[in-house]
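Structure first, then comments.
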There are 2 protein chains.
Amino acid sequence: MHKQEVTIYDVAREAKVSMATVSRVVNGNNNVSKETRDRVLEVIKRLHYQPNAVAQGLASKRTTTVGLIVPDLTNLYFAELSKGIDDIALLYKYNIIITSIENRLMKEDQVIQSLLNKQVDGVIYMANRLPNEAAEAFKRTNTPVVLAGTRNNRDEFASVTIDYKKADTEALNLLMHDGKKNLALVVGDEDAVVNGENRIPAYNEFIKENNLGEPHVYTGVKDYSDGYNLYPQLVKDGIDGIIVTRDISSVGILNSAIDAGKKIPEDLEIITASATQLASVVRPALTTIKQPLYDMGAVAMRMLTKLMNNEEVDETHIELPYELVKKQSTLNR
Amino acid sequence: MHKQEVTIYDVAREAKVSMATVSRVVNGNNNVSKETRDRVLEVIKRLHYQPNAVAQGLASKRTTTVGLIVPDLTNLYFAELSKGIDDIALLYKYNIIITSIENRLMKEDQVIQSLLNKQVDGVIYMANRLPNEAAEAFKRTNTPVVLAGTRNNRDEFASVTIDYKKADTEALNLLMHDGKKNLALVVGDEDAVVNGENRIPAYNEFIKENNLGEPHVYTGVKDYSDGYNLYPQLVKDGIDGIIVTRDISSVGILNSAIDAGKKIPEDLEIITASATQLASVVRPALTTIKQPLYDMGAVAMRMLTKLMNNEEVDETHIELPYELVKKQSTLNR
DNA sequence: GCTCTAAGTGCAAACGTTTACATCTTTTCT
DNA sequence: AGAAAAGATGTAAACGTTTGCACTTAGAGC
C-alpha cells in the first residue's frame, strides 16, 4: 500500500478551510454553514476524496466493524444465520470480519484475540463453546458479545436462540404419538452447550417420564458420512424414531436407509433440528424443527448495535418462536 | 470503546526500554538482544498487552485484511470457495472482511468503496460483474484484486477459474452420446461474464456444429423454485438433456420431474455445473461438472498474497482442472 | 450602543503504532 | 592498538483522522 493519495488535508487546502471543518462535513456535523459545506463537498467529489477508515478508527475509537465467529462457513445453518446478521449490519453500516474456527491451525482464543486486536466494536459468536480465556478477553476490552443460535454455560452473554428443550420435547411427542417406541437423539458435538444443557437433558427426561426404556444418544455425528454410517447401528439398536441436530447428518441417515431398501417414515421416522434448504430438498422431505435462522441472526445483530451504542436493552436472552414442520419423513396423520 | 488500557508505552516503561524496542519484539525483528527480548516478552505477558491493529495499520499502511465480495452467503458454491480462501488467509494471517452484494440496499460500487476505505490490502471478488466505477477505484488505490470462479470482461484482473467452454462442451458431448437430441442450457444470470462469454457461446457452437436444431437457452433460473417451475416448459419444448449452472436449480428441476412422475435420467438427463454438497445428496444424485471450488478459493487467495507482497506472479489467469463426474442423473454406460 | 449567545471555524493535541535515522557499544579484522 | 563493521537501542516524525477548546463574527435582547 502506498501513502494515501488524497487526504483530508488536501481537501482542506483546496476548499480553503481547516481539516476540522472537512471532518465535520464528512461526518454530517451540522455546525457548518451551507456555503462551506457545499464548497467542501464539491472539492471532495472533485478530488475523489475518501476518508481513511483506519485513521478514523484510531482517532474515534470506533471501527464500525463487528466480528463474526462461526464454526464452518459451508454449514448452511450458519450461512443462514449469517445472512440475517449481514443484512442488519449493512443497514447500520457495519462491516463484518468473519472468522471460522473449525480450522485447527489456530486455537479459538487466538482467533478471538486477533479479532479483538482489530478493534471490532462488537462480536457475534456462533460457536458451540466459549472458552474462558476468550470470555475474559471480551470483558477486559469491554467488547459486547451476542451469541446467536448458541448459548453460554452460565448465560453470561447475551443470546438469541429458540427454546430447545420445548422444541425437542414437542418433536419427541410427535414421534411417540406416531407409535414409535424406540426413540433416539443424534447430536454433533456432545460438548456444545445447547446439546449438553438443553437437548440431551430434554431427551433423557422425556424417555424417563414416558417409560420408553433405555435412552439412546448418539454423539459425534457431524457430517453426511457420519450419518450414513450410523444407520446400521440404529437398525441394530432397534431405533424407529430419531431427532437429528444437523440436517446434513439427517440426510446421510435418510439416504443410508433408502439405499438399504428401507421405507421412510414407516421403518424410521426422522426429524431434523436444523431446517436449512437441505431438509426440504431431499426426498422424502424431512420433517423439521424449523428455527427462524435468518431472524435469529438479524435480531442478534440488532441487539449488538444497541449494546455497542450503550443503549438500554430490555432483554438479553431472546427466544424466538420455532415451528414443527411436518413433511414426509414422519407419518402424516 | 474506551481508551486502550495497556499500550506499547506501558510495556516500554515497565520493561525499561523504548517503544521502538517493544515494537521490534512484537514484530519479530531480530535486532534485539536475547535478554531484552525476554524481559519485554515477560512484561507483555504480565500486562496482557495486545497490539492495536488499527494503529499498526495506520502506521505501517498494511492492515493484513482482505476483502471478500460475494453475491450470496447462503449459496454453497460461494461458501465452498470461501472456505478455501479462508484457510489460506488464516495461514498467512490475514483477516477477512466479507460483504455480500445481492442485497440491494447499497450498490456494488458503494460496497466496494466502503471496503477500500477500510484499507484492505487486497480483494477477492466472486460476483458476476465488476462495474467500471469499482474497477477504477481499485486501480486508483492500487489494491490488488483476484477474481475467483468468475471472470472480468476484458481480463483486466487476475482470476482463478476452470475452462468453462471445454467443460460444457464435454458435458454436452456426454448428453449427445447418450442419444439425447434436444439439449438445453439453463443459466442463472444472463449477464454474468462466465455465462455470457463462455457458457452460452460454447453451447451455441456445439448445437450448431452438431446440427442439433434450435438452441434452447433458459436464463434467469436462479433458485429452487425457478428450477421447479421451469420443468413444464422443458417438457413443452421437448428437451431431453440439460446443463444447469446452479445446482439448487438443478434440484428444483429434478424434483419437479419426479413429482410429475417422470424418470430421471430416462426422460431427462441432467448435468449440473456447480457441484456442491447438494448435488451428491439428492436422489438420483446429479452428474456434475465438478469444479475444485475449495482449491479455486485457496489458489486465488494464495495468488492474492503474492500480489499484496509485490512478488512475481507468473500466471495471472489460472485454470484449474475440472472433472466430469457421472452419477445417476445421466445414463450409466 | 452594549452585552450576551450562538453559529461557524480553526488550532493542536490526541489516538497507538512503525520506522528512518542517529547514537552508543561491542566485536572483528588487520 | 586502532579502524571498521555489526549489533542494540533510543529519538522523533510520520500515518490520517477526530474532537475539546478557543476564537471570531454577527445578530438578538435590552
Side-chain angles (χ1 to χ4, degrees), chain A residues 1-41 43-44 47-65 114 116-121 141, chain B residues 1-41 43-44 47-65 114 116-121 141:
Chain A
M1 204 203 284
H2 300 64
K3 191 163 165 174
Q4 191 156 324
E5 66 297 343
V6 30
T7 72
I8 203 169
Y9 274 103
D10 302 317
V11 176
R13 188 177 348 97
E14 195 78 5
K16 303 199 193 315
V17 294
S18 73
M19 46 187 303
T21 299
V22 178
S23 174
R24 290 189 189 101
V25 171
V26 168
N27 293 295
N29 182 318
N30 49 10
N31 265 0
V32 181
S33 71
K34 178 94 171 61
E35 306 88 66
T36 312
R37 175 181 308 277
D38 288 346
R39 186 153 34 95
V40 170
L41 285 174
V43 173
I44 286 177
L47 301 189
H48 289 294
Y49 168 70
Q50 292 289 144
N52 180 324
V54 172
Q56 289 181 316
L58 184 60
S60 70
K61 304 198 195 338
R62 309 191 74 238
T63 56
T64 57
T65 302
S114 115
L116 289 174
N117 293 352
K118 292 266 157 130
Q119 313 299 118
V120 293
D121 297 337
T141 60
Chain B
M1 204 199 286
H2 301 64
K3 190 164 167 172
Q4 192 156 323
E5 68 296 343
V6 30
T7 72
I8 203 169
Y9 274 103
D10 302 316
V11 176
R13 187 177 351 97
E14 195 78 5
K16 304 200 192 316
V17 295
S18 72
M19 44 187 305
T21 300
V22 178
S23 174
R24 289 187 190 101
V25 171
V26 168
N27 293 296
N29 183 318
N30 49 10
N31 265 0
V32 181
S33 73
K34 178 96 172 58
E35 306 87 65
T36 311
R37 175 181 310 277
D38 288 347
R39 187 153 33 94
V40 171
L41 285 175
V43 174
I44 286 178
L47 300 190
H48 289 295
Y49 168 71
Q50 291 291 143
N52 179 324
V54 172
Q56 289 181 315
L58 184 60
S60 70
K61 305 197 193 340
R62 308 191 73 237
T63 55
T64 56
T65 302
S114 114
L116 290 174
N117 294 352
K118 292 267 158 129
Q119 312 299 115
V120 294
D121 296 338
T141 60

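In what follows, every chain begins at residue 1, and chains take the letters A, B, ... in the order their sequences are listed.
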Legend entry - Side-chain N,O (B:Thr36) to OP1/OP2 (D:dA8) below 4.0 Å: no
Inset, instruction - Output the single nucleotide from C:dG16, D:dT17, C:dT19 whose closest atom is nearest the side chain of A:Leu58. - result: C:dG16
Legend entry - Spacing between A:Asn31 atom CG and D:dC21 atom P, to the nearest angstrom: 15 Å
Legend entry - Given C:dT18, D:dT19, D:dT17, the nucleotide with the shortest approach to the side chain of A:Ala59: D:dT17
Inset, instruction - Report the distance from atom CZ of B:Arg39 to atom C1' of D:dT9, rounded to the nearest whole Å. - result: 11 Å
Legend entry - Under-4.0 Å side-chain N/O to phosphate OP1/OP2 contact, A:Thr21 with C:dT9: no
Legend entry - Reference residue B:Val25; test side chain to side chain contact (heavy atoms under 4.5 Å, CB included); the match among B:Val43, B:Val17, B:Ile8, B:Val40: B:Val40
Legend entry - Reported OH-to-CG distance for the pair A:Tyr49 and A:Leu47, which is rounded to 0.5 angstrom: 10.5 Å
Legend entry - Candidates C:dG16, C:dT19, C:dT9 - which lies nearest the side chain of B:Ser60: C:dT19
Inset, instruction - On DNA chain D, check which nucleotide each of B:Lys34 and A:Ala55 is closest to and give me the residue with the more 5' one. - result: B:Lys34
Legend entry - B:Ser33 side-chain proximity, nearest of D:dA8, C:dT9, D:dT17: D:dA8
Inset, instruction - Examine the side chains of A:Thr65 and A:Lys118 and answer whether a donor and an acceptor come within less than 3.5 Å of each other. - result: no
Legend entry - Nearest-Å distance for atom pair CE/C1', residues B:Met19 and D:dC15: 13 Å
Inset, instruction - For A:Val54, answer base if it contacts any base atom (sugar-phosphate contacts may also be present), sugar-phosphate if it contacts only those atoms, and nothing otherwise; contact means non-hydrogen atoms under 4.0 Å. - result: nothing
Inset, instruction - Would you mind telling me which of D:dG16, C:dG16, D:dT11 lies closest to the side-chain atoms of B:Ser18? - result: D:dT11
Inset, instruction - Kindly say whether A:Thr64 contributes a backbone atom to a donor-acceptor pair with the side chain of A:Asp121 at under 3.5 angstrom? - result: yes
Inset, instruction - For B:Asn27 and D:dT9, give me the distance from atom CG to atom C1', rounded to whole Å. - result: 16 Å
Inset, instruction - Take the protein atom CG of B:Asn29 and the nucleotide atom P of C:dT17, then report the distance between them rounded to whole Å. - result: 17 Å
Legend entry - Any side-chain heavy-atom pair of A:Asn52 and B:Asn117 under 4.5 Å: no
Inset, instruction - Give the rounded distance in Å between these two atoms: NZ of B:Lys16 and P of D:dT9. - result: 15 Å
Inset, instruction - Using a cut-off of strictly less than 4.0 Å, decide whether A:Tyr9 has a side-chain nitrogen or oxygen near OP1 or OP2 of D:dA14. - result: no
Legend entry - Value in whole Å for how far the P atom of C:dG16 lies from NZ of A:Lys118: 18 Å
Inset, instruction - For the pair A:Asn27 (side chain) and A:Asn29 (backbone), establish whether a donor and an acceptor sit closer than 3.5 Å, ignoring hydrogens and angles. - result: no
Inset, instruction - Find the distance A:Asp38:CG to C:dT9:P and express it as a whole number of Å. - result: 11 Å
Legend entry - Donor-acceptor pair present, A:Arg37 side chain and C:dG8 base, under 3.5 Å: no
Inset, instruction - Check every atom of C:dT18, C:dG10, D:dT17 against the side chain of B:Ser23 and return the nucleotide holding the closest atom. - result: C:dT18
Legend entry - DNA chain C: 5'-proximal contact among B:Ala20 and A:Arg24 (nearest heavy atom): A:Arg24
